[in-house]
Each structure stands twice: as C-alpha cells, then as structure tokens.
Amino acid sequence: MHPDPDHSQQLPDRNLALELVRVTEAAALATAPLVGSGEKEAADQAAVDGMRYMLQSIQMDGVVVIGEGEKDEAPMLYNGEHIGDGSPPEVDIAVDPLEGTTLAAHGMPSALAVIALSARGTMFDPGPCVYMEKMAGAPPIADLLDLDRPLGETVKLIAERKGHPVSDVMVVVLDRPRHEQGIAAIRAAGARVRLIPHGDVSATLLAVTERSPVDLLWGIGGTPEGVISAAAVKCLGGQLLGRLWPRDDAERTAAREAGYELERVLDRDDLVAGNDVFFSATGVTDGDVLQGVRYPSAGGATTESLVTRSRSGTIRRIMATHDRAKLRAIGGERY
C-alpha cells in the first residue's frame with residue numbers, strides 16, 4: 001500500500017522561463033547578422049522583430065510594462081502592448097530586445113537580448129523618470145549596499161566582508177561624465193573601476209554572478225534597465241537598490257506631480273514585487289556573462305542563454321545549436 005502523498009509539497013507547474021529562452025534566442029539570432037555593421041537602428045529592429053515573432057507562441061496574457069517606448073514611437077513591443085494569446089497567466093513583461101545597440105552595431109562585447117516576466121501589476125512603472133542611481137551586488141554583500149553612505153566607505157566594507165585588501169575590489173561603472181566624482185571616490189578608497197561604454201543590465205548580471213571579476217555595480221543608468229535588472233537579481237540572488245534621478249527641473253516636477261518620491265530608495269522587491277519572476281538573457285556578442293551568437297558552420301549557429309526563475313531559484317545556462325536553414329523555413333529571412 002502506497003503512503004499518503006505529502007500534500008505540503010506543490011506539484012511542479014509551468015516554468016515560463018523555459019519558454020522565454022526561445023524568445024531571447026530568436027532576438028539574438030535575428031540580430032547577429034548585423035553585429036559589426038554600424039547600423040544601430042537596423043540591429044535594434046531585427047531584435048524587436050525576432051522577439052515579437054516568438055512571443056506570439058507563448059500562452060499568456062501579457063502587458064508590456066517596460067518596452068521600446070510609447071505606442072506612437074515604437075513599431076512593436078511598446079509600453080502597454082498586449083502580448084501572447086490572451087490565456088492565463090496574466091503577467092507584466094519587461095523587454096530589452098537588444099541591450100547595447102551600439103555594442104552590437106560596433107561588434108563590441110556584452111550585447112544581450114533580455115526579457116523578464118512577473119505577475120500582473122507587480123513591475124514598477126518609472127513614469128517620466130528616464131534615469132536612476134543604482135547599486136547592485138551578490139548575496140554575500142547584499143546587506144552592505146547603501147546609496148546614502150559615501151561610496152568609498154562601501155567599497156572598504158565590501159573588502160572587509162570578503163577578507164580581501166580594498167585594492168582587490170572592482171566596481172563596474174558606466175563611462176559617463178556624471179560619474180567622475182563617484183569614480184574618484186572609489187579610487188581614493190583604494191578600489192578599482194571597470195568602465196563600460198554601454199549595457200548596465202549586463203553589468204548588473206556581472207555584479208551578482210558567482211566567481212565574477214566584479215564586486216559591485218554603481219552608477220546612474222536607465223530606469224527601464226533598472227527594472228529588468230531587478231527581475232534578474234530576484235532570480236539570481238543579491239540586491240539592487242535604485243533611486244530615481246530626474247535629468248532636469250521639468251522632469252523633477254513631472255515626477256513629483258505624478259506622485260513619485262524622488263528621495264526614496266527602491267530595492268529589488270519595490271521594482272519587481274512579484275514572488276514568481278522569470279528571466280531570460282541570450283548573448284548577442286561575447287561578454288563576461290554570456291557567449292554571443294557564433295557560426296561554427298555554414299548553416300549553423302550557436303547561442304548561450306541564462307535562464308532562471310525566482311520561485312525555484314534554479315539557474316540554467318543553455319547552450320543551443322540552431323539549424324539556420326530550418327529556422328528560415330519556419331520563421332522567414334529574419335534568421
């Protein structure tokens with residue numbers, strides 16, 4: 001006679017992340033022929049088209065919260081667009097079909113295709129605020145993150161926690177004039193800086209990935225990318241803090257009138273409140289976190305993806321080999 005089942009355990013359910021990887025793979029494969037072409041807009045459009053094509057196949061009632069812009073400005077995957085076949089579950093969607101358009105266009109490292117999902121109504125809407133100050137780190141230093149503490153003190157605390165000299169601490173920062181004081185503070189504390197030209201979702205992944213050469217992400221970058229990064233951090237572990245950073249008085253006034261608290265520090269759960277978050281990223285060009293699309297043979301292509309879900313905590317790296325002729329027969333010349 002069989003023992004009674006343990007009703008305290010839930011049966012396995014549908015893991016949307018395993019369907020989303022096909023979406024980011026499609027965006028990466030569609031973009032890859034334009035890597036190094038110098039054509040930013042064409043590369044971005046190819047990524048959008050590849051992602052949109054594959055999203056049609058997913059059973060969900062999705063609304064794009066973080067997309068390619070407003071409806072009149074974006075041809076597809078615009079904010080507010082409904083995605084999927086309309087069946088449950090109801091989800092918020094954050095997409096960056098090509099994170100690092102300039103990186104891809106110039107054949108530079110770390111361009112990604114990225115998507116995140118969570119339950120309807122759980123993703124932060126940045127409203128008029130295009131930028132936010134961000135800080136992100138892996139689980140061992142998550143409790144040390146603080147946007148109000150002097151940056152030099154934080155890197156010293158990180159070194160102490162890790163048992164390393166402060167000279168071993170590496171902070172990844174977007175190379176922008178607005179970061180000059182912060183960079184000087186990091187270096188004055190004895191730590192080092194890795195400057196990147198673009199791609200702060202990729203940089204966040206690097207900051208929270210195990211055995212990474214980077215200990216901390218800091219800087220002012222895009223708010224939409226902050227929401228996507230928060231989804232990734234909820235799945236991978238660690239912490240991301242963000243504070244809205246209006247670019248001028250007009251944006252500051254618009255944000256306050258819309259009810260945003262500009263002094264408030266938002267953590268990963270404020271930016272993505274859902275308890276069941278799905279995240280997928282596929283490399284377009286080679287980077288520290290993911291290998292880009294490669295063509296090992298005349299008719300083949302390979303991709304590497306990072307796929308994860310917050311509820312289970314499972315992190316998958318998926319290496320895939322694609323037959324481009326068969327993909328073209330199904331999906332047309334985008335492949």
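All heavy atoms count here, side chains included; hydrogens, waters and symmetry mates do not.
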Do any N or O atoms from the side chain of S310 and from the backbone of V277 form a donor-acceptor pair under 3.5 angstrom?
-> yes
Closest heavy-atom pair and its distance - L262, C129 | CD2-SG, 4.3 Å
Main-chain N/O of L244 paired to R264 side chain as donor or acceptor, under 3.5 Å | no
Salt bridge or not for R243 and D148, using N-O below 4.0 Å?
-> yes
Side chain to side chain contact (heavy atoms under 4.5 Å, CB included) partners for S297, two or more places apart = none
Check ion pair R256-E263 (N to O, under 4.0 angstrom) | yes
For residues L29 and T31, determine if any side-chain heavy atom of one lies less than 4.5 Å from a side-chain heavy atom of the other.
-> no
Given side chains that start at C-beta, do those of P33 and Y295 come closer than 4.5 Å, heavy atoms only?
-> yes
Side chain of R316, backbone of L18: donor and acceptor closer than 3.5 Å?
-> no
State whether Y131 and R178 meet the cation-pi test: NZ (Lys) or CZ (Arg) under 6.0 Å from the six-membered ring centroid, and within 45° of the perpendicular axis.
-> yes
Should L195 and I183 count as side-chain neighbours, where that means a heavy-atom distance under 4.5 Å?
-> yes
Below 4.5 Å, heavy atoms only, C-beta onward: do L266 and F124 meet side chain to side chain?
-> yes
Is a side-chain donor or acceptor of E160 paired with a backbone partner of K156 at a separation under 3.5 angstrom?
-> no
Correct closest heavy-atom pair for L16 and P89 would be CD1-CG, 3.9 Å
Measuring from I228:CD1 to L240:CG, what's the distance to the nearest 0.5 Å?
-> 12.0 Å
Using a 4.5 Å cut-off on heavy atoms from C-beta on, say whether the side chain of L217 contacts that of V171.
-> no
Determine, step by step, whether V63 and E81 satisfy the side chain to side chain contact (heavy atoms under 4.5 Å, CB included) criterion, reporting the C-alpha distance in whole Å, the side-chain angles of both residues, the deciding distance to 0.1 Å, and the verdict.
-> CA-CA 6 Å; V63 174; E81 183 175 358; over 6 Å; no
Min side-chain heavy-atom separation R311-N275 under 4.5 Å | no
Side chain S212, main chain L206, donor-acceptor under 3.5 Å = yes
Can D249 and R252 be counted as an ion pair, charged N to O under 4.0 angstrom?
-> yes
Rounded to the nearest 0.5 Å, how far does CE of M135 lie from CH2 of W218?
-> 8.0 Å
Spell out, as yes or no, whether a donor-acceptor pair under 3.5 Å connects the side chain of K234 to the backbone of G274.
-> yes
With H106 via ring-ring contact (aromatic ring centres under 6.0 Å, His included) - residues at least two apart | none
Keeping the roles fixed (side chain from Q45, backbone from E41), state whether a donor-acceptor pair exists under 3.5 Å.
-> no
S280 versus T24, side-chain donor and acceptor atoms under 3.5 Å | yes
Counting only N and O atoms by type, is there a donor-acceptor contact under 3.5 Å from the side chain of D215 to the main-chain atoms of A207?
-> no
By side chain to side chain contact (heavy atoms under 4.5 Å, CB included) - contacts of S167 (at least two apart) | P165
Pairs of donor and acceptor atoms involving the side chains of residues 92-101, under 3.5 Å and at least two apart or interchain, shall be tabulated with distances.
{"from": "D92", "atom 1": "OD1", "to": "G121", "atom 2": "N", "distance (Å)": "3.3"}
{"from": "D92", "atom 1": "OD2", "to": "G121", "atom 2": "N", "distance (Å)": "3.0"}
{"from": "D92", "atom 1": "OD2", "to": "T122", "atom 2": "N", "distance (Å)": "3.0"}
{"from": "D92", "atom 1": "OD2", "to": "M123", "atom 2": "N", "distance (Å)": "3.1"}
{"from": "E99", "atom 1": "OE1", "to": "S202", "atom 2": "N", "distance (Å)": "3.3"}
{"from": "E99", "atom 1": "OE2", "to": "D200", "atom 2": "N", "distance (Å)": "2.9"}
{"from": "E99", "atom 1": "OE2", "to": "V201", "atom 2": "N", "distance (Å)": "2.8"}

Check: T285 side chain, M108 main-chain N or O, donor-acceptor pair, under 3.5 Å = yes
Counting only heavy atoms not in Q56, do more than 12 sit closer than 6.0 Å to its CD atom?
-> yes
Any chance you could measure S305, atom OG, to M319, atom CE, to the nearest 0.5 Å?
-> 9.0 Å
Would you please name every residue forming a side chain to side chain contact (heavy atoms under 4.5 Å, CB included) with Q239, sequence neighbours left out?
-> A142, L145, L241, D267, R268
Answer yes if the side chains of H322 and T302 hold a donor-acceptor pair under 3.5 Å, and no otherwise.
-> no
Salt bridge (Lys or Arg N to Asp or Glu O under 4.0 Å) pairs, two or more places apart, involving residues 289-299 = D286-R294
Tell me, do D288 and R194 make a side-chain contact under 4.5 Å, heavy atoms counted?
-> yes
So, R192 and D168, do they make that salt bridge, N to O below 4.0 Å?
-> no
Indicate yes or no: at least one non-hydrogen side-chain atom of V289 is less than 4.5 angstrom from one of L112.
-> no
Under 3.5 Å, side chain of R309 to main-chain N/O of I315, donor-acceptor pair present?
-> no
Considering non-hydrogen atoms only, spot the tightest contact between L271 and A230 and give its length.
-> CB-CB, 3.6 Å
